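Data block below; observations after.
What's counted below: heavy atoms across the whole structure, side chains too, no hydrogens, waters or symmetry copies. Every chain is numbered from 1 and lettered A, B, ... according to where its sequence line falls, protein lines coming before strand lines. A quick note: this is a predicted structure, and the numbers were derived from the prediction, not measured.
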Amino acid sequence: MSDKIETVKKLFTSKSSRVETNKGDTYYQDLFEKCEARLNEMRAQTPANRLDFSDLLEENGIDRREFMKWASATTAMLMLPPMFTPLVADAAVMMNRAPVVWLELQDCAGNSEALLRADGPKIDEIVLDIISLEFHETLMAPSGFQAEKQLDEAMEHFKGKYLLFVEGSIPMGMDGQYGTIGAAGETFHDHLLRCSENAAAVIAVGACATFGGVPAASPNPTGAVGVMDVVKNKPIINIPACPANPANMVGVVLHYVLTGQVPELDSLLRPKFAFGYRIHDNCERRAHFDAGEYVEEWGDKGAQNNFCLYKMGCKGPMTFNNCSIVRYNEAVNWPIGVGRGCIGCSEPDFWDKYAYERPMADAKIKAPTGGVEKTVDEFGLGMLTAAGIGIAIHAAASAVAGKRENSGESHE
Amino acid sequence: MKQGYKQVKRMTTAMRIMHWANAIGMIGAIATGLYIAHPYYQTFMADDAVDKYVMAWNRYGHFMVAIIFDITSVLIAYLYFFSRFEKPYKKLIPNAHNIAEFKAVLVNLLTLNRKKEFDSSHSDSFNTVYFTIFHLLLIWMLLTGLQMYVQGLESGISSIGAWWPWLLHLTTDWTIAVTGGTNMDVRMAHHTSMWLIICWVVFHVYYQVWRTIFWKEADIAIVVSGSKFVKDDTLN
Ligand code: HEM
Ligand code: SF4
Ligand code: SF4
């Protein structure tokens with residue numbers, strides 16, 4: 001019963017994607033002082049990692065001017081006023097004091113890939129390079145018992161301070177036996193609970209860690225769920241998308257380093273600075289949408305002229321993400337920019353409910369009863385046909401009955 | 001007037017205007033809604049994208065119809081309780097009389113008018129329940145529709161003020177949770193509910209025609225002239 005009351009309460013108080021971008025001068029003045037104090041404190045600490053940010057920038061041929069440009073853009077992305085720019089720049093330099101433990105569970109390592117990117121690192125990636133990655137199975141040299149030892153040491157040493165990044169979903173089926181790790185065969189579920197125990201915050205990256213993603217797609221054979229379904233009583237930040245955008249990972253870590261706080265989140269625990277935008281409202285093809293100009297099939301005239309991808313199944317109208325603004329791969333391009341529709345990768349259940357590459361009205365959707373897959377219109381026409389047959393029978397029967405009655409009357 | 005019949009007033013002018021506004025609006029909502037779901041005709045290539053707004057006009061039409069529904073819904077909800085004519089809510093209370101009447105009308109329908117053991121001069125409880133289902137469906141369309149609409153106001157501001165998206169979030173965010181947890185579920189629910197409404201309309205039209213033919217009381221005239229005819233017992 002109390003469970004139900006909680007659900008109802010949650011239902012009616014669920015937060016919107018609205019972002020309050022102006023909280024007033026006193027608020028920002030306060031925050032500024034707090035951040036400054038925090039950065040001073042951090043400056044005194046010895047870096048957990050000997051990589052030096054300025055050296056790295058230089059090595060990659062990035063000058064101070066370019067760096068400050070990045071800092072002001074990042075400040076704006078975090079929805080802080082311009083006066084925070086020098087602090088953001090300082091915080092970036094001090095990212096090597098942010099201990100990070102990175103877990104990979106049921107995943108494809110796509111987010112690690114995004115974090116590393118293959119070539120030409122720009123500032124976002126360099127920032128991620130210097131975070132003090134204390135543990136990352138895929139990337140680190142040690143393995144086996146050695147790796148486990150390193151994890152235990154990191155968790156002990158940075159108790160209550162480290163950020164736990166989680167990539168991949170948690171298989172809950174068969175007592176979690178679908179995914180185990182280490183010589184002891186610890187399940188992903190236990191592993192996650194143990195590692196999150198002493199974390200300062202848990203950051204779920206990618207569609208799988210946030211909402212279960214592809215592993216959780218119907219029929220979800222492994223019973224996959226997202227981090228927020230199993231980790232309780234910890235600040236959780238979801239950075240969905242497939243893969244999560246490095247710009248947003250940097251944003252969250254920077255925000256944390258700078259303010260010591262979790263950024264403002266929406267009802268799905270996504271930072272509003274990144275997921276407070278709807279793809280459809282910041283899409284360069286929007287004029288074609290309003291004009292009714294659609295790509296009808298791949299490679300047609302419409303496609304050559306960058307028409308809207310709505311009829312090819314673009315889910316921009318239902319998807320909240322900032323990839324239409326910050327884009328991917330050093331802001332080179334993004335899915336709709338290259339001519340394919342959005343598949344809603346930053347929304348829950350995206351594989352089943354968004355990614356079918358045709359408009360919702362044309363997609364076969366599982367009936368709530370399971371089993372039969374029909375489009376909503378086929379389903380609707382079915383209902384209508386049933387109603388029509390019922391009516392036809394009733395009408396015919398009424399007519400026959402009416403005639404009989406009439407003739408009965410005339411005989412009297 | 002046919003001998004032995006008397007005229008009874010059933011719908012006021014205001015009620016009839018609302019009825020036809022809803023009926024015409026429904027056709028508009030379905031035509032534009034289906035275009036939004038799957039643009040089913042092409043635009044002419046001759047003009048720039050900025051000069052023609054085929055989808056935008058369809059959405060505009062859909063929202064204008066929605067506003068008509070908004071207004072009639074509020075008015076009808078008001079009339080349910082405060083109409084000086086007939087207060088429909090009285091027919092919704094499940095008391096013994098209403099239940100009996102509901103059953104009697106249903107029996108009349110199922111026995112193909114063999115049995116007619118209720119007073120058909122006023123709006124009966126079966127009809128009232130049936131209309132209430134429609135109004136609930138309409139409110140459901142309104143809430144799910146406005147939820148989709150407020151997704152485009154993610155900035156939290158609007159030309160008429162921040163209160164508008166705030167109000168929409170407050171009143172419609174729960175439809176996401178109820179339909180299945182994602183924005184897409186709301187859209188599916190909105191689309192599927194359209195078919196429920198279409199089925200409702202089909203039976204509604206059939207039933208009114210059926211009553212007219214078999215009861216011989218000119219029920220169909222209610223929505224045109226406002227009155228129907230019933231046998232006048234005082235004359236016999
Ligand atoms: C009563 C108030 C209503 C409101 C506020 C409303 C609003 C909306 C909105 C905002 C959309 C999405 C448009 C977009 O994303 O660009 C939509 C789509 C739609 N509406 Fe409504 N609507 C209403 C009533 C109706 C009614 C009465 C019908 C039909 C009986 C209807 C049928 C549809 C359909 C079929 C779609 C397309 C859904 C899809 O994508 O498959 N709507 N409506
Ligand atoms: S391509 Fe997608 S996001 Fe862009 S305007 Fe068309 S439907 Fe909207
Ligand atoms: S366009 Fe859509 S599917 Fe593609 S990355 Fe952006 S949110 Fe994800």
Closest contact, heavy atoms only, B/Met55 versus A/Phe289: CB-O, 3.0 Å
Heavy-atom closest contact (A/Met383 atom, B/Thr192 atom, distance): CE-O, 4.4 Å
Structural part of A/Leu381 lying under 4.5 Å from a heavy atom of chain B: both
B/Ile176 CD1 to A/Ser267 OG distance, which is reported to the nearest 0.5 Å: 6.5 Å
B/Glu117: salt bridge (charged side-chain N to carboxylate O under 4.0 Å, His left out) partners, not counting sequence neighbours: none
Contacting region of B/Phe203 [heavy-atom separation from chain A under 4.5 Å]: both
Heavy-atom neighbours of B/Lys115 NZ exceed 12 at 6.0 Å: no
Where A/Lys353 and B/Met184 come nearest, the two heavy atoms and their spacing: O-CG, 3.2 Å
Under 4.5 Å from a heavy atom of chain B, the part of A/Lys311 involved: side chain
Interchain contact, B/Leu109 with chain A, by part (heavy-atom threshold 4.5 Å): both
Proximal component of A/Met360, with respect to chain B [non-hydrogen, under 4.5 Å]: side chain
Donor-acceptor under 3.5 Å (B/Glu154 side chain, A/Arg278 main chain): yes
Partner chain B: residue of A/Ile391, A/Val376, A/Leu268, A/Asp349 with the largest heavy-atom pair count (under 4.5 Å): A/Ile391
Contact origin within A/Asn282 toward chain B - heavy atom pairs under 4.5 Å: side chain
Engaged part of A/Phe211 at the chain B interface, taking heavy atoms whose separation is under 4.5 Å: neither
Contacts with chain A made by residues 27-40 of chain B (heavy-atom distance under 4.5 Å), listed by residue number: B/Leu34, B/Tyr35, B/Ile36, B/Ala37, B/His38, B/Pro39
Heavy-atom contact with chain B under 4.5 Å, split by part of A/Arg285: neither
More than 12 heavy atoms of other groups within 6.0 Å of A/Trp351 CH2: no
Proximal component of A/Ala395, with respect to chain B [non-hydrogen, under 4.5 Å]: both
Proximal component of B/Leu196, with respect to chain A [non-hydrogen, under 4.5 Å]: both
Chain A contact via B/Asn58 - which portion, at a heavy-atom distance below 4.5 Å: neither
Between B/Trp57 and A/Asp290: side-chain donor-acceptor atoms closer than 3.5 Å: no
Test item: A/His394 side-chain N/O and B/Leu112 main-chain N/O as donor-acceptor pair under 3.5 Å: no
